[in-house]
There are 2 protein chains.
Amino acid sequence: MPERATVPEGYLEAQLLAKGVRMTRQRKAILRVIETSGEHVDAVTLLERARKLDRKVDRVTVYRTLGMLKKHGLVDELDLMHLHGGQHYYEVKPGRHHLHLACRKCGRVEELHSELLDRLEGQIKREKRFLIADIRVEVGGLCARCQSDGAKP
Amino acid sequence: MPERATVPEGYLEAQLLAKGVRMTRQRKAILRVIETSGEHVDAVTLLERARKLDRKVDRVTVYRTLGMLKKHGLVDELDLMHLHGGQHYYEVKPGRHHLHLACRKCGRVEELHSELLDRLEGQIKREKRFLIADIRVEVGGLCARCQSDGAKP
DNA sequence: TTAAGTGCAAATATTTTGCTGTCAC
DNA sequence: GTGACAGCAAAATATTTGCACTTAA
């Protein structure tokens, strides 16, 4: 049961080709992993999974590809309250922004779409005349399950 | 012209004493700097400034003090879209949450209080039964000034 | 007195850079 | 063919840990 809506396979590749970016074997593998991971992936996990598709993917290429995707506004970078260390997580930039609720106890991340967030974006544009490129809402705390769970880990 | 509302001097120290945390010369200096910096400070800047108050503050003590403050829920950690590198920024946890608008061109960070954010918190609690410990809203993009500035850096 | 805190050195974690060779177009 | 990309090694950045010494309460 994937928790996140995913994106059609080949979406990122198509976007990049449309922008005239070169497509390599390594990039294809990395893009495929980002698209099909039904969760937020960090660079190390991304590397592991991409290597299963193509043994010849290097760690540096993962970072460079992520940088390129950020530059083109195709992925969002999160840190999910650094629940598991200082690394970043990546997701395909969705059409509509959403919130991330990270549970400090079980580590699960829930997502929430909200009309209020859409309206908040409108307020930022209107009142601050700020041109939004990315927006990141991360909430840390205890999920419903962990609150009722008493002391179970 | 400080852009942020600050907190009464001695606030953090009082909070910690009330929690039975020991107060040292080094901690006093670090707390003072966090309270009086009219902006978000990162660990390195914090160290520099704390050293001006007390030469004997070590980098490690800064990190340990920040960790302790986080644990007690007295500061919030931000990364302001990593505009200037991978480090974190800290601010005294405010009574009311606010948004941070980070301009990718000039690097300035604006804050915005919004009733919509308050309502969003309410929605999270009600619909997701999520117990919020921290909430972080960071927006990257172009501020009003940089949009009109044409090509000036 | 003594548990908690500190400094110093070293380690770790994450990401970036330089350079040389390779490949997509 | 050539400019963009990849791999490898090494560096840079940011933060954490181990341990012996110091200090607040």
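Numbered from 1 within each chain, the chains take letters A, B, ... in sequence-line order.
Under the 4.0 Å criterion applied to side-chain N and carboxylate O atoms, B:R49 and B:D54 are not assigned as salt-bridge partners. Salt bridge status for A:K70 with A:D76: absent, with no side-chain N to carboxylate O gap under 4.0 Å. Between B:R136 and B:E138 there is a salt bridge, with a side-chain nitrogen of the basic residue lying less than 4.0 Å from a carboxylate oxygen of the acidic one.
Taking atom NZ of A:K19 as the reference point, atom C1' of D:dA4 lies 18 Å away to the nearest angstrom. The distance between atom CG of A:L16 and atom P of D:dA4, rounded to the nearest whole Å, is 16 Å. Rounded to whole angstrom, the span from the CE atom of B:M68 across to the P atom of D:dT16 amounts to 14 Å. In this entry the distance linking CG of B:L31 with C1' of C:dG5 reads 13 Å, nearest Å. In this structure, the CG atom of A:L46 is 14 Å from the C1' atom of C:dT14, given to the nearest Å. Protein atom NZ of A:K70 is 11 Å distant from nucleotide atom C1' of C:dT16, rounded to whole Å. Rounded to an integer number of Å, the gap from A:R51 CZ to D:dC8 P is 8 Å. Rounded to an integer number of Å, the gap from OH of A:Y89 to P of C:dT15 is 10 Å.
A donor-acceptor contact shorter than 3.5 Å is absent between the side chain of B:E13 and the backbone of B:M23. Distance alone, capped at 3.5 Å, places no donor-acceptor pair between the B:T45 side chain and the B:V41 backbone.
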Check the interface with nucleotides 20-25 of chain C: list each N/O to N/O pair with the protein under 3.5 Å, or write none.
from, atom 1, to, atom 2, distance (Å)
C:dA24, O3', A:M23, O, 3.3
C:dA24, N3, A:R22, NH1, 3.3
C:dC25, OP1, A:M23, N, 3.2

Between protein and nucleic acid, restricted to nucleotides 9-15 of chain D and to nitrogen or oxygen atoms under 3.5 Å apart, what atom pairs and distances do you find?
from, atom 1, to, atom 2, distance (Å)
D:dT15, OP1, B:H88, N, 3.4
D:dT15, OP1, B:H88, ND1, 2.9
D:dT15, OP2, B:Y63, OH, 2.8
D:dT15, O4, B:R59, NH1, 3.3

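The aromatic rings of B:H113 and B:H98 lie tilted to each other, with the angle between the two planes from 30° to 60°. Using the six-membered ring where Trp is involved, B:H82 and A:H88 have ring planes that are perpendicular, over 60° apart on the 30 and 60° scheme.
Under the 4.5 Å side-chain criterion, counting only non-hydrogen atoms from C-beta, A:V7 is not in contact with A:I34.
Distances shorter than 4.0 Å separate none of the side-chain N or O atoms of A:R64 from OP1 or OP2 on D:dA6.
Between the side chains of B:Q123 and A:S114, at least one donor-acceptor pair of N or O atoms lies under 3.5 Å.
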